[in-house]
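For reference, the structure is listed below as structure tokens.
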Number of protein chains: 2
Amino acid sequence: MLELSILGFLCDESLHGYELRKRVAALTGHVKPIADGTLYPAIKKMEASGLLTRELQSGPAAAPRHMLTLTAKGREHLKNRLSNPDDAFITDENRWFVLLAFLRHLKNADAQAAVLNRRLAFLTQPASFFYDRDRPLRAADFDDPFRKGLMTIATATSRTELKWLRETLAELTA
Amino acid sequence: MLELSILGFLCDESLHGYELRKRVAALTGHVKPIADGTLYPAIKKMEASGLLTRELQSGPAAAPRHMLTLTAKGREHLKNRLSNPDDAFITDENRWFVLLAFLRHLKNADAQAAVLNRRLAFLTQPASFFYDRDRPLRAADFDDPFRKGLMTIATATSRTELKWLRETLAELTA
DNA sequence: TTTCGATACCTCGGGACCGAGGTATCTCGC
DNA sequence: GCGAGATACCTCGGTCCCGAGGTATCGAAA
């Protein structure tokens, strides 16, 4: 998840760690704030595996910045991740949103459509949060206003996304 | 997250591990499937800290079942968790949904309203996923259909939930 | 009849991430 | 001219959870 964000942001332009941290925080930080102790080791690991390079810049800033640049291998890796995302990136809304944020880096419209189709398949498969034996329960089955709300919200949000998915898929395949 | 699900399901009725696993899978499994290797150690840990008791049942099933029952301490713990959830349970939609699923166990309408108000405060604070310097970017700022969609979906879903939150808060405080 | 799938529980190694700590420099207010 | 806060990077221990494995019993199909 974090790795994908880093790859995605660096694909647009070289950034130093601190700026990267701010962008990642804007994208996913409201859900779960990103910690220093998570970001910097991730960068190191990616540098070690040749996905990015680091260049020391003694600019006007307080501390020397490490300018981070994606390598060709890093770009390749990003495209792979975007084309063949793990299931968790399709099913977990947080991860899915990160994927969406960078899907434009996949220049190929067919590849983009394939990813949207996976999400479409996931959202259209019937599923509930609660079952009585094998019968899926619906919002109307609950007296409880909270479970009712949970179901209502989930249904409404998936409807909104389905509409967008179908429209966008139509444009992509046109 | 898993602990809250276990507490919540067991608060209604005693269950054995396997049945618990199915219910947890229905509630959060579509996002991220729950693994045996996660559930059983969690149960053991909760047993060790006195939140639940275990009773061996040699019923008609293939393997002997461990019937799990919440203790008074477990019930207390659940109410504490529901009343004073960590920020992550307010901001992360996955966790928030789990919280909503069991909020009825909090018998006190004021306490329930307090939790909904925290979510309301989170959803109404202005935030974007992307910024240009300090200016938050909106859906219309993007050519990219994916980022456009991301913003559109996020706005629509939060609007739906806000509507429900305000309605339910009105009922709770009536 | 034997094998397969479902039921039911368990362990262990490892990965991702957190959080609390540390270091150092620059700028701005007081 | 001194402290506070922002900038910028780093480490280490710990927690949560996964995934791949293992054990054992039962019923139904082949």
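A, B, ... follow the sequence lines: proteins, then strands. Residue 1 opens every chain. The analysis underlying the following values was restricted to heavy atoms, covering all of them including side chains, and did not include hydrogens, waters or symmetry mates. Computed from a predicted model, the values in this text were never measured in an experiment.
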Point to revise | Spacing between B/L56 atom CG and C/dA8 atom P, to the nearest angstrom | key: 12 Å
Exercise for review: For A/E171, check salt bridge (charged side-chain N to carboxylate O under 4.0 Å, His left out) against everything at least two apart and list the hits.
Suggested key: none
Check your understanding: With sequence neighbours left out, which residue pairs that include part of residues 98-117 of chain A fulfil the salt bridge (Lys or Arg N to Asp or Glu O under 4.0 Å) condition?
Key -> A/D12-A/R104, A/R104-B/D144
Review point. Partners of B/E76 by salt bridge (charged side-chain N to carboxylate O under 4.0 Å, His left out), sequence neighbours excluded?
Key: none
Check your understanding: In chain order, what residues pass the side-chain hydrogen bond (donor to acceptor under 3.5 Å, both in side chains) check against A/K163, with sequence neighbours excluded?
Key -> A/E167
Exercise for review: Let me know the distance between CG of B/L4 and C1' of D/dC16, rounded to the nearest Å.
Suggested key: 15 Å
**Study point:** Atom-to-atom span, CG of A/D87 to P of D/dG19 - whole angstrom
**Key:** 10 Å
Exercise for review: Using a 4.0 Å cut-off on protein heavy atoms (strictly under), produce a 5'-to-3' string for nucleotides 9-20 of chain C with B for base contact, S for backbone-only sugar-phosphate contact, and - for none.
Suggested key: BBB----SSBB-
Review point. For A/T168, what residues pass the side-chain hydrogen bond (donor to acceptor under 3.5 Å, both in side chains) criterion, not counting sequence neighbours?
Key: A/W164
